[in-house]
Participant: 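Structure incoming, see below.
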Amino acid sequence: MEDAKTKGLRETFAAVDAGHTGTIEFGELEDYVHGMGLDCSRSSLELLFAEIDADRSRSLSFDEFRVLMRRWAEVGK
């Protein structure tokens with residue numbers, strides 16, 4: 001059984017995964033970030049995406065997405 005934080009992350013992951021593929025492509029993340037009104041340049045987002053995409057699949061798994069969310073939380077402090 002997952003805790004509330006993990007369940008919330010899974011719900012966010014599903015919302016970002018517009019193509020319902022089980023992974024998040026760069027374009028989906030970019031659309032979601034801009035749709036939320038967050039100020040993040042394309043180049044900054046590309047660098048972060050590449051850093052988080054540990055397996056170089058050019059998409060983010062849920063575990064990679066969890067790392068991304070942790071990084072954003074740290075930056076927001």
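We're numbering straight along the sequence, starting at 1.
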Participant: Going by the side-chain hydrogen bond (donor to acceptor under 3.5 Å, both in side chains) test, which pairs reach into residues 26-39, not counting sequence neighbours?
Facilitator: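 Passing the test, one end in residues 26-39: E30-R42.
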Participant: Among residues at least two apart in sequence or on other chains, which ones pass side-chain hydrogen bond (donor to acceptor under 3.5 Å, both in side chains) with T21?
Facilitator: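 T21 satisfies side-chain hydrogen bond (donor to acceptor under 3.5 Å, both in side chains) with D17, T23 once adjacent residues are dropped.
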Participant: Which value, rounded to the nearest 0.5 Å, describes the distance between D63 atom CG and L9 atom CG?
Facilitator: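 One finds 10.5 Å between CG of D63 and CG of L9.
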Participant: Can L68 and L29 be said to form a side chain to side chain contact (heavy atoms under 4.5 Å, CB included), step by step?
Facilitator: CA-CA 11 Å; L68 175 70; L29 180 63; 3.9 Å; yes
Participant: Going hydrophobic residue to hydrophobic residue with side-chain gaps under 4.5 angstrom, can you get from W72 over to L47?
Facilitator: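 They do not share one cluster, since no chain of ILVMFWY contacts under 4.5 Å joins W72 to L47.
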Participant: With sequence neighbours excluded, tell me which residues meet side-chain hydrogen bond (donor to acceptor under 3.5 Å, both in side chains) with S44.
Facilitator: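 Counting only residues at least two positions away or on another chain, S44 forms a side-chain hydrogen bond (donor to acceptor under 3.5 Å, both in side chains) with S41.
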Participant: Scan residues 48-62 for pairs that pass salt bridge (charged side-chain N to carboxylate O under 4.0 Å, His left out), counting only residues two or more places apart or in two chains.
Facilitator: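 Every pair satisfying salt bridge (charged side-chain N to carboxylate O under 4.0 Å, His left out) with a residue in residues 48-62: E51-R71.
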Participant: What ring-ring contact (aromatic ring centres under 6.0 Å, His included) pairs are there with at least one residue in residues 1-23, not counting sequence neighbours?
Facilitator: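 Qualifying pairs: F13-F62, F13-F65.
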